[in-house]
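Okay, structure first, notes after.
All figures in this text were calculated on a predicted structure; none of them were measured in a lab. Within every chain, numbering begins at 1; the chains are lettered A, B, ... in the order of the sequence lines, protein sequences first and strands thereafter. Values reported hereafter were calculated over all heavy atoms of this structure, with side chains retained and with hydrogens, waters and symmetry mates removed.
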Number of protein chains: 2
Amino acid sequence: MKLSSKGRYAVMALVDLARFNEINPVSLRDISLRQGISLDYLEQIFSKLRKNEIVQSVRGTQGGYVLNKKAREIKLTNILDAVDEKVKTVQCKKELKKGCNGKPTKCLTHNLWDELETHINNFFDKKSLEDLVQDNLDRRV
Amino acid sequence: MKLSSKGRYAVMALVDLARFNEINPVSLRDISLRQGISLDYLEQIFSKLRKNEIVQSVRGTQGGYVLNKKAREIKLTNILDAVDEKVKTVQCKKELKKGCNGKPTKCLTHNLWDELETHINNFFDKKSLEDLVQDNLDRRV
DNA sequence: ATAAACCTGACTAAAATAGTCAAGTATCTT
DNA sequence: AAGATACTTGACTATTTTAGTCAGGTTTAT
Ligand code: FES
Ligand code: FES
């Protein structure tokens, strides 16, 4: 089980953005340079973040992106959802009334994965962007 | 972030095996039929489980596999490690003294993913095969 | 002898990932 | 008005990972 780059980049970029957010819009170019992420890829990611109302865009020169909410109110869950990086542990689809094995009963491990999903989402629900920025400042001192 | 089939199958197969373990070796063919997993694929998986001393093989007719330890002592961690399905959240390699961004300092999110990894592994460390079997019997009643 | 079952390694199709590329549009500065 | 900066969109592609398959064994109970 591996974390995708898209999810990592999204969070990384937002932490970067959040640090300068109070002052000015932050351009993707700057984030790209500071964090070493391809500009084109960042554009894809921010397009999704914007559609999910996590950031707002400011067009034109001196433009960039700004957070759309307080950093404290943006949870990791929201970010990962926005870029389609939700955790998905169970393989079966509930709308088809079938288990992952094709049979009508759930497989032997369904409950386990369901529990795991909850466990992971708890973690994501608790962490806010503010926590991350703060954690970073702490380390710097 | 998705769970791989290999990991799911490994756990599923072992739960199945554990239920009959006391009596006789369980053949992969039976597991294949009961759980709907390709026999060839199961063989790959059990080869790894055997090398990691989670199961023992009994060759010949009436052969099969047997647990190599008490179900209570086999944790999910052990199973997933054996089939190379460890969780891997950080992307950087510590032996190269570089962050995931190629720079000599860790990226803004390194700590976060590290925490997440710990959080997930806690879950896997606690759950034993016995828990899973028991959970399954409970549901059946 | 023969059939059941383990054992091994190589191979492959399909899906997901991690981007790139091209062609815009909007806004600010001068 | 011109030029530069920066967002916007959608299509395209190479690489990697996943999820198996396939072919050919070896071992052992009956
Ligand atoms: S994961 Fe839901 S039935 Fe197997
Ligand atoms: S994950 Fe370790 S430096 Fe980014």
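The separation between E43(B) atom CD and dA23(D) atom C1' is 12 Å, rounded to whole Å. In this structure, the CG atom of L42(B) is 14 Å from the C1' atom of dC7(C), given to the nearest Å. Rounded to a whole Å, the CZ atom of F46(A) is 14 Å from the C1' atom of dT8(D). Rounding to whole angstrom units, NZ of residue K2(B) and C1' of dA15(C) are separated by 8 Å. For the pair L39(A) CG and dC7(D) P, the interatomic distance rounds to 8 Å; values are reported in whole Å. Taking atom CG of residue D40(B) and atom P of nucleotide dC6(C), one finds them 12 Å apart after rounding to whole Å. Between the CD1 atom of I45(A) and the C1' atom of dA18(C) there is a distance of 10 Å, given to the nearest Å. Spacing between atom CG of D30(B) and atom P of dA5(C) amounts to 7 Å, rounded to whole angstrom units.
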Requested in this report: Start with the C-alpha distance between L28(A) and E43(A), add both sets of side-chain angles, then the distance that settles side chain to side chain contact (heavy atoms under 4.5 Å, CB included), and finish with yes or no.
Outcome: CA-CA 7 Å; L28(A) 293 188; E43(A) 275 167 355; 3.5 Å; yes

Requested in this report: Before giving the answer on side chain to side chain contact (heavy atoms under 4.5 Å, CB included), spell out for K127(B) and L116(A) the whole-Å C-alpha distance, their side-chain angles and the decisive distance to 0.1 Å.
Outcome: CA-CA 11 Å; K127(B) 285 271 174 194; L116(A) 172 61; over 6 Å; no

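Nearer to the 5' terminus of DNA chain C, by closest-nucleotide assignment, is the contact made by R29(B) (compared with the other of M1(B) and R29(B)). Taking the nucleotide of DNA chain D with the nearest heavy atom to each of K6(B) and S27(A), the more 5' of the two is matched to S27(A).
Cluster membership check: V11(B) shares its hydrophobic cluster with F124(B), using side-chain heavy-atom separations under 4.5 Å among Ile, Leu, Val, Met, Phe, Trp and Tyr.
Within residues 47-69 of chain A, the residues approached by DNA chain C to less than 4.0 Å at the level of any non-hydrogen atom are R59(A), G60(A), T61(A), in residue-number order.
For dT20(C), its base sits under 3.5 Å from the side chain of Q44(A) at one donor and acceptor pair at least.
In terms of phosphate contacts, Y41(A) brings no side-chain nitrogen or oxygen within less than 4.0 Å of OP1 or OP2 of dT17(C).
For the side chain to side chain contact (heavy atoms under 4.5 Å, CB included) with V55(A), the qualifying choice from V26(A), V66(A), L49(A) is L49(A), the only one to do so.
The listed nucleotides are dG19(C), dC6(C), dA19(D); the one nearest the side chain of S4(B) is dA19(D).
Between Y41(B) and Y9(B), the ring planes are perpendicular. Angles over 60° get that label, and only those under 30° would be called parallel.
When atom types are taken as modelled, the side chain of T77(B) and the backbone of D125(B) share a donor-acceptor pair closer than 3.5 angstrom. Under the 3.5 Å distance criterion, the side-chain polar atoms of D81(B) are left unmatched by any main-chain donor or acceptor of N78(B).
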